[in-house]
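The next block holds one structure in the form of structure tokens; read it before the comments.
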Amino acid sequence: LAVLGSLFIGIFLVLFVNKKSTDNPYILVVSCAGDEAEAAVNGYVNRAVKKSLLKSKTVSQSGVELTVEQGYAAARECANTIFRDIVERYGSLDCIHHIVRAMALVNCGGDFDQPEKVMDGFSDFCVEVLEARGQHVRTVMGTHNMPNHQIPVEVEVIFVLNDAYRNKGEGTKDGTI
């Protein structure tokens, strides 16, 4: 609907706006279906518009812009890292009765409005690996204050251990349970 609305506004502006006002700025919001469509839009805008500023909304990592898909992959890697740590500590993912909650911080600029799509990478991975035990509630926040501005996604997870694994962490090298 947003694309159709933007297209309608664009056509309206082209047809009905006084031609003498071509120096006035306009905002055109376009959601492209893929790289080819984005290249076509960029090409048209560069040919038909005197001045333009095109900005895509992406997750940022230390000044490097990532696509939503790359952020999704980074969130999947967070889940994989957490699961590796659990296996190292308890020997198996069978120790997890279920995941209760996950909270994610997505490193992004002020114009990025899809941190939940980045977090989908974490949630999807949990369900793929743990099936129903991986379903969880979640909180997702976009922030530009990540440590060193070099971490694209940070996830905190709370899970319930199966009874057989409780207190199995006693005597670990770091002294935690």
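When the options Glu116, Arg138, Gln135 are evaluated for a side-chain hydrogen bond (donor to acceptor under 3.5 Å, both in side chains) with Ser123, the one that passes is Arg138.
Between Arg101 and Thr139 the shortest side-chain heavy-atom distance falls below 4.5 Å. For the pair Val106/Val118, a side-chain contact is recorded, criterion being any heavy-atom separation below 4.5 Å from C-beta on. The shortest distance between side-chain heavy atoms of Cys95 and Ile86 falls below 4.5 Å.
Note: the hydrophobic cluster containing Val137 does not contain Leu130 (ILVMFWY, side chain heavy atoms under 4.5 Å, direct or indirect links).
Taken from SG in Cys126 to CG in Asn80, the straight-line distance is 10.0 Å, to the nearest 0.5 Å. From Phe83, atom CZ reaches atom CD1 of Ile96 across 5.0 Å, with rounding to the nearest 0.5 Å. The line from OG1 of Thr67 to NZ of Lys117 is 12.0 Å long, rounded to the nearest 0.5 Å. Leu105 contributes atom CG, which lies 6.5 Å from atom OG1 of Thr143 (distance to the nearest 0.5 angstrom). Summarising the geometry, atom OH belonging to Tyr90 is positioned 11.5 Å from atom CG belonging to Asp85; distances are rounded to the nearest 0.5 Å. Taken from NE2 in His97 to OH in Tyr165, the straight-line distance is 13.0 Å, to the nearest 0.5 Å.
Val153 approaches Ala74 most closely through the heavy-atom pair CG2-CB, 4.1 Å. Between Leu93 and Arg133, the closest heavy-atom pair is O-NH1, 3.3 Å. Contact detail for Pro115 and Val140: the closest heavy-atom pair is O-CG1, 3.5 Å. When all heavy atoms of Ala104 and Met119 are compared, the pair lying nearest together is CB-SD, 3.4 Å. Closest approach of Cys108 and Gly142 over heavy atoms only: SG-CA, 3.6 Å.
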Residue pair Asp124, Tyr72: steps toward the side chain to side chain donor-acceptor pair (under 3.5 Å) verdict: CA-CA 10 Å; Asp124 291 349; Tyr72 179 96; 2.6 Å; yes
Stepwise, does the side-chain contact (heavy atoms from CB on, under 4.5 Å) test hold for Val157 with Ile82? CA-CA 8 Å; Val157 64; Ile82 290 169; 3.8 Å; yes
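Annotation for Val127: hydrophobic cluster partners, listed by chain and number, are none (ILVMFWY side-chain heavy atoms under 4.5 Å, direct or chained). Members clustered with Val160: Val100, Ile158, by chain and number, using a 4.5 Å side-chain heavy-atom cutoff among hydrophobic residues.
Between Phe122 and His136, a ring centre-to-centre spacing shorter than 6.0 Å is recorded.
A salt bridge is absent between Asp120 and Arg76: the closest approach of a Lys/Arg side-chain nitrogen to an acidic carboxylate oxygen does not fall below 4.0 angstrom.
By the neighbour-count criterion of 12 heavy atoms within 6.0 Å, atom NE2 of His98 is densely surrounded, having more than that number from other residues, nucleotides or ligands.
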